[in-house]
Amino acid sequence: MATNPKKIFLSPPHMSGKEQTYIQDAFDTNWIAPLGPNVDAFERELADCVGVRDAAAVSSGTAALHLALRLLDVQEGDAVFCSSFTFVASANPIRYQGAEPVFIDSEPDTWNMSPQALERALCASAQAGKLPKAVIVVHLYGQSAKMDEIAALCERYGVPIIEDAAESLGSAYKGRASGSIGRYGVFSFNGNKIITTSGGGMLVSNDVQGLHKARFLATQARDQAAHYQHSESGYNYRMSNVLAGIGRAQLEVLEDRVRARRSVFRRYAEELASLPGIRFMPELEQTRSNRWLTALTVDEREAGVTVSELLSSLAEQNIEARPVWKPLHLQPLFAGCAYYPHSERESVSERLFAAGICLPSGSGMSDEEQLRVIDCVKACWVRNSSISA
Ligand SMILES: *Cc1c(COP(=O)(O)O)cnc(C)c1O
């Protein structure tokens, strides 16, 4: 065999080239701290970009979620609803607060939170006299959840929404930026996200008072006094001024990155949609997904190819592909937590988990690299049809 071809990563960082300028600025002015002009500017620029009044830059998306729960006064014994079909970080902060997650299934049109399941869960909690303190709605792989339906339900029961928009920066729902619709929105700038600061996050909201409090909590909750006085427990969650410099340069090219990921998606769809048994993650009408990751399902019976065969063929070619997120209600960590499926007969997230994979989707991927992925996928189908012929 020839030497291993160069590795194609799932979603590698993609620098613009201007990051160094902002970093240099931080060094020149000696602002090497979790505070400073890059942090202030990055917050302002991101708030403008998503159309909210304020934004607080923090050390991770997980930290931003945790702060949102603190702002909503989530405490020990409280319930918090959360999408089940997501990365574990969506729910970990619920447990940080000693609260109990209740997991809500997906629906087929968006793969995100099922309004039907949410309605049953809210109704049951109201009857039990214990409404959740918050609903965490995830916009998976860039696709917005059905926010009108979800917001109407939450409003009816008076429960605030936290949008986990960690994967959907640059996406839109009916003309509104993802993350700007709920009481609080959360973004992540982890190394694999659509733009990155290597590690970082942002909490956004029109609740300016709330974000003021979030900044206070994120800097060890220090009271107004010269002598280091504290009356509440806080965290060390602020973003470094050096990393905020990376974020500023990355934010300038966000729209380019969205366009690139969408065109990666389009090419996969054009080349692969005709293979029997392949279905791509849908894009809901009146929404624009950033297509952070191209996700698809394989119907193994129709395809004659299994998900694990496909993943191992790609791995053999040094191509990083992954199964979709394992639903949180199936995680050992959350064994025993309540779960509301889409309908009594159907658990959509379990079906998607059994059949779903994500293909390499980096905005810097070359045409040749993408062709390698496409050829490898096609080869699985060809191989199989020649065996069965
Ligand atoms: C990445 C991610 C997070 C966490 O963000 P970090 O910055 O890595 O802490 C939360 N939720 C979802 C859905 C994510 O994909």
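Just so you know, ligand 1 is whichever comes first in the structure, and atom 1 is the first atom listed for that ligand. Predicted model only: the values in this text are computed from it and were never measured.
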Taking side chain to side chain donor-acceptor pair (under 3.5 Å) as the criterion, tell me which of Ser90, Ser83, Ser84 meets it with Thr86. Ser90

Residue, atom and distance of the protein heavy atom nearest atom 9 (O) of ligand 1 read Thr62 OG1, 2.5 Å

Taken to the nearest 0.5 Å, the spacing of Gln250 CD from Leu46 CG works out to 12.5 Å

Ligand 1 atoms in contact with Ser90 (distance to a heavy atom under 4.0 Å): 11 (N), 13 (C)

At the 4.0 Å heavy-atom cut-off, does Lys193 count as touching ligand 1? yes

Of the options Ile150, Asp105, Val159, which is the one that meets Leu118 in a side-chain contact (heavy atoms from CB on, under 4.5 Å)? Ile150

Geometry only, no angles: is Trp325 polar-contacting ligand 1 at N/O separations under 3.5 Å? no

What part of Asp164 sits under 4.0 Å from ligand 1 if we count only heavy atoms: the side chain, the backbone, both or neither? side chain

Name the closest protein heavy atom to atom 15 (O) of ligand 1, giving the residue it belongs to and the distance to 0.1 Å. Glu167 OE2, 2.6 Å

Do the side chains of Trp292 and Ser361 get nearer than 4.5 Å, heavy atoms only? no

Could you tell me if the ring centre of Phe334 sits under 6.0 Å from that of His329? no

Within ligand 1, which atoms have a heavy atom of Ala89 less than 4.0 Å away? 3 (C), 4 (C), 10 (C)

Considering only heavy atoms from C-beta outward, does the side chain of Cys82 approach that of Val102 to under 4.5 Å? no

Is any side-chain heavy atom of Ile161 closer than 4.5 Å to a side-chain heavy atom of Ile136? no

Contacting atoms of ligand 1, where contact means under 4.0 angstrom from a heavy atom of Gly200: 7 (O)

Under 3.5 Å, N or O to N or O, is Trp292 touching ligand 1 that way? no

Lys/Arg-Asp/Glu bridge criterion (N-O < 4.0 Å) met for Arg262, Glu283: yes

side-chain hydrogen bond (donor to acceptor under 3.5 Å, both in side chains) between Tyr22 and Glu252: does it pass, once the steps are laid out? CA-CA 12 Å; Tyr22 290 109; Glu252 288 173 6; 2.4 Å; yes

Where ligand 1 meets Ala166 - atom numbers and elements under 4.0 angstrom, heavy-atom basis: 2 (C), 3 (C), 10 (C), 11 (N), 12 (C), 14 (C)

Of all the atoms in ligand 1, which lie at a distance below 4.0 Å from a heavy atom belonging to Ser188? 1 (C), 5 (O), 6 (P), 7 (O), 8 (O)

Would you check whether Gly61 has a nitrogen or oxygen atom less than 3.5 angstrom from a nitrogen or oxygen atom of ligand 1? yes

Out of all atoms in ligand 1, which are within 4.0 Å of some heavy atom of Thr86? Include the element for each. 13 (C)

